[in-house]
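Numbers here are sequence positions counted from 1. Here the structure is a predicted model, which means the values were calculated and not measured.
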Amino acid sequence: SPTAIQRSSNEVEFSEDLDIPEISLERDGCGDQTLYMIGHSIAKVYRIAGFTSIQYVSHGTSHLRVIPFKMKANLTDYMKFSELCSDKMVRALEFLGIQNPVIRSGLHGHFEVQVPKPKKFWTNCEFKDLLVYNEKRKIVLADPSEIPIYNIGLHLDGRVAQLSWEQPFAFAGMPRSGKSTFLQLLALVNLLRYKPAWVCMGLIDLRKKTMSLFDNLPHLWNGQVITNVDDAIHFLRQALKECSRRDDILTNAGCLNNIWRYNATMLSKGLPPLPIWQILIDEINTLKDGQRLPVIQEIDELLEQISRLASSNGILIGVGAHTASQKSITTDYRNNCPSRLILHSTRSSSRHIMDDQSKSGEIGFNLLGRGDSWFTYFGQDPVRTQLSYLDEEVMISTVERLRKEYAGVNPTVMREDLGDSEYVEEPKTSANLPKVVPVSATPAKIAASGQLEVDNLLRAVNSTTEFKPSVLSSTRSVSYS
């Protein structure tokens, strides 16, 4: 009734005689009758707030952590969608006991109110249920002539979420969001599905936490997890060099830079295929922290070049960050990633990964953590996805069995001597600092002291005026880390 609610320009206040039943998912459970009542209550709250056309349509029950309630509005109300999902309406829905609801738009006037389940009703998406088995209940090996496709979880509507690792991808998430588990399961799938001769996995983990359990397996580059900056940069250089080498191989074979067709041809002739390179960086910030600017710039350039050149060559890359920003995952790299995954994260990280600076880009902030994520691929709208889960003890025992099975097998791709100097941090002593040459010094004195580069020396000798050099760098080559 009109007396049941008081409206103002800033908020909606409910009186005690408002005809909405008290319902609690925590107390009443997630049965159809309870969800039916919540759906109609959500529609009534919208109508009381002035959106008179809102109607409850249906609800879903297949998701593991979230219940989607589907609503419908006419054109007049739907044109005010920014108000339908405003902070004012979120507070109004909290009147029903709904915490952290997420409101997403749809087509033809439909929209969705996503309500988290109470934790005691949470269920996991089991990793083993997403693997592909044969009739003997054995894991089917991947075909190196086909694009790698991974079942990574379940969408909100119950469909299996698939990551097609044909192109680079980017992801971000805070601690306890499920980012490390996602990387571990992605690496484990590769170990289970590929023979060591078919894959080269570059696992970069400077924290020595996420990927350390996969060390000493022949599937890995040089048989080891990469845990320091020198090895990481060397590996990225080697991967970029491999891109150029494969371009020549595929062009000469007439495969038009299509490694999948080339590998299919090689397998049909009984010849070994080109191994698929898979680069996974757990935390890009740890690779850059404490490094000098030339090193950071080279890391960014290597990642950007690999992301542009490597997809058709079977060199696949995924980069993750705790806090995503331009300094960690550059815009150029992100724009080369059609597939992106955001777990529970800060608002700024969510906006950067999703490339959306509006409020709708903050979708990662209201996630529940522990695998709850938004997943988008090839420009499609983000879909809420629950990532798969595997118990840590089972994962460790599985890796140990793999280590015994492949004992004595050498890695397919070893560390290659690229003929370039490694990055070694030199102590900042007075001997390493650039020397200031006095203005009064003559070219002859400067040359005798070895403080002038050859080009500058020639310019000074040929000059008719007195040479006044500024701060000059030493001719000794200095490497950075």
For this session: Compute both the distance and the angle, then confirm whether Arg193 meets the cation-pi test with Tyr150: under 6.0 Å from the six-membered ring centre, within 45 degrees of the axis.
Result: yes
For this session: Assess the side chains of Glu304 and Asn336: does a donor N or O sit below 3.5 Å from an acceptor N or O?
Result: no
Problem set entry | Side-chain donor-acceptor contact under 3.5 Å, Glu126 with Asn124 | no
Exercise. Regarding Gln224 and Asp215, is there a side-chain donor-to-acceptor distance under 3.5 Å anywhere?
Worked result: no
Exercise. Between the side chains of Arg384 and Gln114, is a donor N or O closer than 3.5 angstrom to an acceptor N or O?
Worked result: yes
For this session: Give a yes/no verdict on a cation-pi contact between Arg370 and Trp122, requiring under 6.0 Å between NZ or CZ and the six-membered ring centre and an angle within 45° of the axis.
Result: no
Exercise. Would Tyr78 and His110 count as a close aromatic pair, with their ring centres under 6.0 Å?
Worked result: no
Exercise. Can you tell me if Ser349 and Thr346 form a side-chain donor-acceptor pair at under 3.5 Å?
Worked result: yes
Exercise. Does a salt bridge link Arg104 with Asp381, judged by any charged N lying under 4.0 Å from a carboxylate O?
Worked result: no
Exercise. Pick one: which of Leu343, Leu341, Ile342 meets side chain to side chain contact (heavy atoms under 4.5 Å, CB included) with Trp374?
Worked result: Ile342
Exercise. Between Glu400 and Arg403, does at least one N-O distance fall below 4.0 Å, as a salt bridge requires?
Worked result: yes
For this session: Please confirm whether Phe127 and Tyr389 have ring centers closer than 6.0 angstrom.
Result: no
Problem set entry | Side-chain donor-acceptor pair present, Asp300, Thr330, cut-off under 3.5 Å | no
Exercise. Are Tyr377 and Trp165 close enough that their ring centres sit under 6.0 Å apart?
Worked result: no
Exercise. When you check the side-chain N and O atoms of Asp143 and Ser145, is any donor under 3.5 Å from an acceptor?
Worked result: yes
For this session: Please determine if Arg246 and Glu242 form a salt bridge, counting it only when a charged side-chain N lies under 4.0 Å from a carboxylate O.
Result: yes
Exercise. Side chains of Asn335 and Asp332: do they bring a donor and an acceptor to under 3.5 Å?
Worked result: no
Exercise. Between the side chains of Thr385 and His155, does any donor sit under 3.5 Å from an acceptor?
Worked result: yes
Problem set entry | Side-chain donor-acceptor pair present, Ser350, Glu362, cut-off under 3.5 Å | no
